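Atoms considered below: every heavy atom in the structure, side chains included; atoms not considered: hydrogens, waters and symmetry mates. Residue numbers count from 1 along this sequence. Read the numbers this way: they start at 1 and go in the same order the structure lists the ligands and their atoms. Just so it is clear, the structure is predicted and the values come from calculations on it, not from any experiment.
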Amino acid sequence: MYAQMVKSTGKGVILREEMSPEERAFQDRIDAGEKIEPKDWMPAGYRKTLIRQIGQHAHSEIVGQLPEGNWITRAPTLERKAILLAKVQDEAGHGLYLYCAAETLGISRDEMTEMLLDGRMKYSSIFNYPTLTWADMGAVGWLVDGAAIMNQVPLQRTSFGPYARAMIRICKEESFHQRQGFDIMMTMARGTDAQRAMAQDALNRFWYPSLMMFGPSDKDSVHSAQSMAWRIKMNTNDELRQKFVDQTVPQAEYLGLTVPDDSLSWNEDKGGYDFAEPDWDEFFEVISGNGPCNADRLAARTKAWDDGAWVREGLLAHAEKKRARERAAQ
Ligand code: FAQ
């Protein structure tokens, strides 16, 4: 079904005069702030954009378990282990709510997984960076979940009902994740010289990849204009990146850590920080599959998919048997 949908709308926005009467009525509903539900009529491009974004988001939650899951056995205390375990389980739950939201649009979770594994669907660039030390668990919670919340709080008001509702619960849990990451950073920043150095090193490595999470700069964003017209996205990539920097820099100062950007300065006129852009060549390399951990992440997901084949086959056989029994009883 997914393959039969129309091509993406590209960089521009569909103009009102180009819309069919159905499309115009649909846009009026969006403009009036109404929620669109799965059984409502919707343009094929709206459906396709949502499947792409929600599917990519779901994959990110699932792949995003890997860098932190890697540290569960090595957490420094039982309390830290229990917290990290709960966080990683939450991410699995987020993936499931999001796959369910995408399934209401007519694509199956299996199709989405196959598209992830064969490279037709993406997941967030951030999860292609390694987590080398315990301080990285702090940086991931503080910066990566912090960036995720910045992006996801506005998505609670997105036009597609199942996506907006999934976001409400996800955002509540992400807030706890961000706080636990900041707490790890605070403990390390107030610890020994070696612990402070680890915290600084984690910030140095995760700062720019976190800025990349918001997507390319607005001039290079392909989907933003149409996605915002459809209220699938509520803000541009650069708007959210700016908000994230403005929120995070004072937190780094509170921790006594230095943001790895010599050009960082407060701009009174705009009421926000001026900051250095990430290396966009690196970003495009990472999302093309050439980041430091892309091969490992996809290998882990492929192994999980292959190892789970017997469960899927068993469930299908059970469902088939049940249907056969029901047919025989009729
Ligand atoms: N990574 O035209 P735009 C989490 C692609 S939160 C990879 O600007 P769009 C929580 C984009 O797909 C992380 N690819 O695209 C957690 C497009 O390529 P395509 C997930 C990226 O969609 C924390 C092309 O570049 N959050 O996981 C990225 O309008 C800790 C052009 O870009 C979401 O997905 C990127 N960073 O804006 C879990 C939030 N950025 O598809 C575990 C929902 C761009 O045409 C541990 N998503 N691309 O081949 C969104 O808000 C949007 O999709 C953006 C991108 C903002 C990510």
Can you tell me if NZ on Lys39 sees more than 12 non-hydrogen neighbours from other groups inside 6.0 Å?
-> no
Please determine if Lys87 and Glu91 form a salt bridge, counting it only when a charged side-chain N lies under 4.0 Å from a carboxylate O.
-> yes
Please name the residue in the list Lys172, Arg169, His177, Gln65 that meets the side-chain hydrogen bond (donor to acceptor under 3.5 Å, both in side chains) test with Asp90.
-> His177
Which atom names give the shortest non-hydrogen contact between Met115 and Ile107, and what distance separates them?
-> SD-CD1, 4.1 Å
Under 4.0 Å from one or more heavy atoms of Ser125, ligand 1 contributes atoms 1 (N), 7 (C), 35 (C), 36 (N)
The atoms of ligand 1 lying under 4.0 Å from a heavy atom of Asn151, numbered in the order shown, are 39 (C), 43 (C), 50 (C), 51 (O), 56 (C)
Mind checking whether His177 has a heavy atom under 4.0 Å from ligand 1?
-> no
Closest candidate by heavy atom, reference atom 3 (P) of ligand 1, pool Gly291, Ser227, Ser221, Gly181 | Ser221
Could you tell me whether ligand 1 has any atom less than 4.0 Å away from a heavy atom of Tyr163?
-> yes
Determine which pairs satisfy side-chain hydrogen bond (donor to acceptor under 3.5 Å, both in side chains) with at least one residue from residues 304-315, sequence neighbours left out, and list them in order.
-> Lys303-Asp307
Sub-4.5 Å side-chain heavy-atom contact between Gln53 and Ile232 = yes
Please determine if Lys233 and Glu239 form a salt bridge, counting it only when a charged side-chain N lies under 4.0 Å from a carboxylate O.
-> no
In the protein, what heavy atom is nearest to atom 13 (C) of ligand 1, and what distance, to one decimal place, separates them?
-> Ser124 CB, 3.8 Å
May I ask whether Gln152 has any heavy atom positioned less than 4.0 angstrom from an atom of ligand 1?
-> yes
Inspect the contact between Asp183 and Arg179 and indicate whether a charged nitrogen and a carboxylate oxygen are less than 4.0 angstrom apart.
-> no
Is there a donor-acceptor contact under 3.5 Å from the side chain of Asn294 to the main chain of Gly291?
-> yes
When you measure from atom 44 (C) of ligand 1 to each heavy atom in Pro154, Pro216, Gly141, Ser217, which option holds the nearest one?
-> Pro216
Can an N or O of Asp145 be found at a distance shorter than 3.5 Å from an N or O of ligand 1?
-> no
Quick one: nearest non-hydrogen protein atom to atom 15 (O) of ligand 1, plus distance?
-> His223 CD2, 3.6 Å
Region of Ile287 engaging ligand 1 - heavy atom pairs below 4.0 Å = side chain
Return the residue, atom name and 0.1 Å-rounded distance of the protein heavy atom closest to atom 49 (O) of ligand 1.
-> Lys122 NZ, 2.5 Å
Close N or O approach (Phe127, ligand 1; < 3.5 Å) | no
His57, portion touching ligand 1 at heavy-atom distance under 4.0 Å = both
For Gly215, the ligand 1 atoms whose distance to one of its heavy atoms is below 4.0 Å = 40 (N), 44 (C)
Would you give the length of the straight line joining atom CD of Glu37 to atom OG of Ser159, rounded to the nearest 0.5 angstrom?
-> 10.0 Å
Taking N or O atoms only and a 3.5 Å limit, does Asp220 qualify as a polar contact for ligand 1?
-> no
With a cut-off of 4.0 Å, which atoms of ligand 1 are near a heavy atom of Tyr123?
-> 1 (N), 7 (C)
Gly64 heavy atoms within 4.0 Å reach ligand 1 at atoms 42 (C), 46 (C)
Sub-3.5 Å N/O-N/O distance, Gln65 and ligand 1 = no
Minimal non-hydrogen separation, Phe127 against Arg297, with atom names = O-NE, 2.6 Å
Could you see which bit of Phe283 sits under 4.0 Å from ligand 1, with heavy atoms only: side chain, backbone, both or neither?
-> side chain
Do you know the tightest heavy-atom contact between Pro292 and Asn128?
-> CD-O, 3.2 Å
Can you establish whether the number of heavy atoms outside Glu326 located under 6.0 Å from its atom CD is more than 12?
-> yes
Please state which protein non-hydrogen atom is closest to atom 42 (C) of ligand 1 and give its distance, to 0.1 Å?
-> Glu91 CD, 3.4 Å
Any Lys/Arg nitrogen of Lys35 or Asp40 sitting under 4.0 Å from an Asp/Glu carboxylate oxygen of the other?
-> no
Under 4.0 Å from any heavy atom of Ala148, which atoms of ligand 1 are there?
-> 6 (S), 10 (C)
Does some non-hydrogen atom of the protein lie less than 4.0 angstrom from atom 35 (C) of ligand 1?
-> yes
Return a yes/no value: protein heavy atom under 4.0 Å from atom 24 (C) of ligand 1?
-> no
If hydrogens are left out, which of Gln53, His59, Lys87 has an atom nearest to atom 47 (N) of ligand 1, that is, the closest non-hydrogen atom?
-> Gln53
Inspect the surroundings of NZ in Lys81 and state if more than 12 heavy atoms from other residues, nucleotides or ligands are less than 6.0 Å away.
-> yes
When distances are taken from atom 56 (C) of ligand 1, the protein heavy atom at minimum range is Phe214 O, 3.6 Å
Note the single closest protein heavy atom to atom 57 (C) of ligand 1, along with its residue, its atom name and the distance in Å.
-> Met213 O, 3.9 Å
By side chain to side chain donor-acceptor pair (under 3.5 Å) - contacts of Arg323 (at least two apart) | Glu320
Looking only at protein heavy atoms, identify the closest one to atom 4 (C) of ligand 1 and say how far it is in Å.
-> Glu61 OE2, 3.9 Å
List every atom of ligand 1 that sits less than 4.0 Å from any heavy atom of Lys233, numbering the atoms from 1 in the order shown and giving each element.
-> 8 (O), 9 (P), 29 (O), 37 (O)
Any idea which part of Glu174 is under 4.0 Å from ligand 1, heavy-atom wise: side chain, backbone, both or neither?
-> side chain
Can you tell me how far OG1 of Thr49 sits from CE of Met42, rounded to the nearest 0.5 angstrom?
-> 11.5 Å
Ligand-residue contact atoms, ligand 1 with Glu68, heavy atoms, under 4.0 Å | 46 (C)
